[in-house]
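Quick notes on the structure that follows.
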Amino acid sequence: MTVRIATWNINSVTARLPKLLEWLEGARPDVLCLQELKCSTDAFPYNAVAELGYETAAHGTGRWNGVAIVSRLGLEDVVRDLPDQPGFLADDAMLPVVEPRAIGATCGPLRVWSVYVPNGREVGHAHYGYKLQWLETLRDTVREDAAAARPFAVLGDYNIAPTDEDVYDLAAFEGQTHVTEPERAALAALRETGLQDVMPRPLKYDRPYTYWDYRQLCFPKNRGMRIDLTYGNKAFADAVTDAYVDREARKGKGTSDHAPVVTDLDL
DNA sequence: ATGCCGCCAGTTTGGCGA
């Protein structure tokens, strides 16, 4: 069977609902992993998506974060949060908060996680340590599925550019998060479980960026980064027939600052 | 043309994003 799976940081599913529906109708993915819902689990637009033939498992608390898996191949064994997922201790908080950044499900032949890796804010910030700790927990979580025969993938906004080629200008990121050695080492450790970085085609220019800042004409100037990734195990990677970044979805007003990343499989 | 930041909750300004 052929399966189309995608990941998209949608930057508010409520603000982006018309764009989401338009994109689902056009691209017709079988499975879509979403990040940055910015709504509660209850507030997800389940019915609008269901009218297009999709079921949704969502996990959100409101203002920030939030992840979902939208599927027309079924949704089984849904897991919210990574087992032992670390929380973030904000400056003004008494206790760390476990944020809605991960949801897993089985969609027909595929086991999938949709993840929104912490941003890190600044090198040395508590959020940066949290990011690295979160990635270690992700590695522990996926170890078994990554080594298994069933097709498995972790898709999402990793908030890391895996190589120097994945940013438009390395000098612009000197000393910044997203390009540091410890972040890239955490990604390498994740790959060591048996996951491969499924590289999408760019539909224009030479690099498959997935994010362009809203400011300073970054999209028209193609000042982007590749930070939305599809990490698949061997069974998944061997089945890939095509992958691309749908930059059309980044054009115009009212779009997310990220583009969907689409992967086609023949399973 | 792809065009100069946008989302949310709400102290309608500030936190967050990457």
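Side chains are part of it too, since the values below use all heavy atoms of this structure and drop only hydrogens, waters and symmetry mates.
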- List, by chain and number, the other hydrophobic cluster members for A:Tyr128, where Ile, Leu, Val, Met, Phe, Trp and Tyr join if side-chain heavy atoms come within less than 4.5 Å, directly or indirectly. A:Val123, A:Leu132
- Whole angstrom is fine here: how far is it from CG in A:Asn222 over to P in B:dC4? 17 Å
- Query: So which residues get pulled into A:Val67's cluster when ILVMFWY side chains under 4.5 Å apart are joined, directly or through others?
  - Reply: A:Met1, A:Val3, A:Ile5, A:Val31, A:Ile69, A:Leu73, A:Leu75, A:Val78, A:Ile103, A:Leu110, A:Val112, A:Tyr116, A:Leu155, A:Val198, A:Phe236, A:Val240, A:Leu265, A:Leu267
- Hydrophobic cluster partners of A:Met199 (side-chain heavy atoms under 4.5 Å): none
- Query: With rounding to whole Å, what would you report as the distance between B:dA18 and B:dG6 at their P atoms?
  - Reply: 16 Å
- Note on the structure: Whole-Å distance, A:Leu37 CG to B:dA9 P, equals 13 Å
- Query: Under the ring-ring contact (aromatic ring centres under 6.0 Å, His included) rule, what pairs show up with a residue in residues 3-42 of chain A, not counting sequence neighbours?
  - Reply: A:Trp8-A:Trp23
- For the residue pair A:Tyr130 and A:Phe88, does the interplanar ring angle fall in the parallel (under 30°), tilted (30 to 60°) or perpendicular (over 60°) class? tilted
Which atom pairs, donor and acceptor, lie under 3.5 Å between side-chain atoms of residues 44-64 of chain A and protein residues at least two apart or in another chain?
residue, atom, partner, partner atom, Å
A:Tyr46, OH, A:Thr41, O, 2.6
A:Tyr54, OH, A:Pro29, O, 2.6
A:His59, NE2, A:Asp81, OD1, 2.8

- Task: Could you say whether A:Glu248 or A:Gly254 is positioned toward the 5' end of DNA chain B, judged by the nucleotide with the nearest heavy atom to each?
- Result: A:Glu248
- Item | Pairwise P distance for B:dC7 and B:dA1, with rounding to whole Å | 23 Å
- P-based separation of B:dT11 from B:dC5 [nearest Å]: 27 Å
- Look at the side chain of A:Lys253 and decide which nucleotide, out of B:dC4, B:dT2, B:dC7, has an atom nearest to it. B:dC4
- Task: In whole angstrom, give the distance that lies between atom NZ of A:Lys19 and atom P of B:dG6.
- Result: 12 Å
- Message: Between P on B:dC5 and CD on A:Gln216, what's the gap in Å once rounded to a whole number?
- Response: 7 Å
- Query: How long is the line joining CG of A:Asp246 and P of B:dT2, in whole Å?
  - Reply: 14 Å
- Query: Expressed in angstrom and rounded to an integer, what is the separation of A:Leu217 atom CG from B:dG6 atom P?
  - Reply: 11 Å
- Message: Categorize A:Arg223 for me: base, sugar-phosphate, or nothing, with a 4.0 angstrom heavy-atom threshold over every strand shown.
- Response: nothing
- Query: Is the charged tip of A:Arg250 near the ring of A:Phe219: under 6.0 Å from the six-membered ring centre and within 45° of its axis?
  - Reply: yes
- How would nucleotides 10-18 of chain B be written as a contact map, 5' to 3', with B for base contact, S for sugar-phosphate-only contact and - for no contact, using protein heavy atoms under 4.0 Å? ----BBSBB
- B:dG10 and B:dC16, which share atom name C1', separated by this distance in whole Å: 15 Å
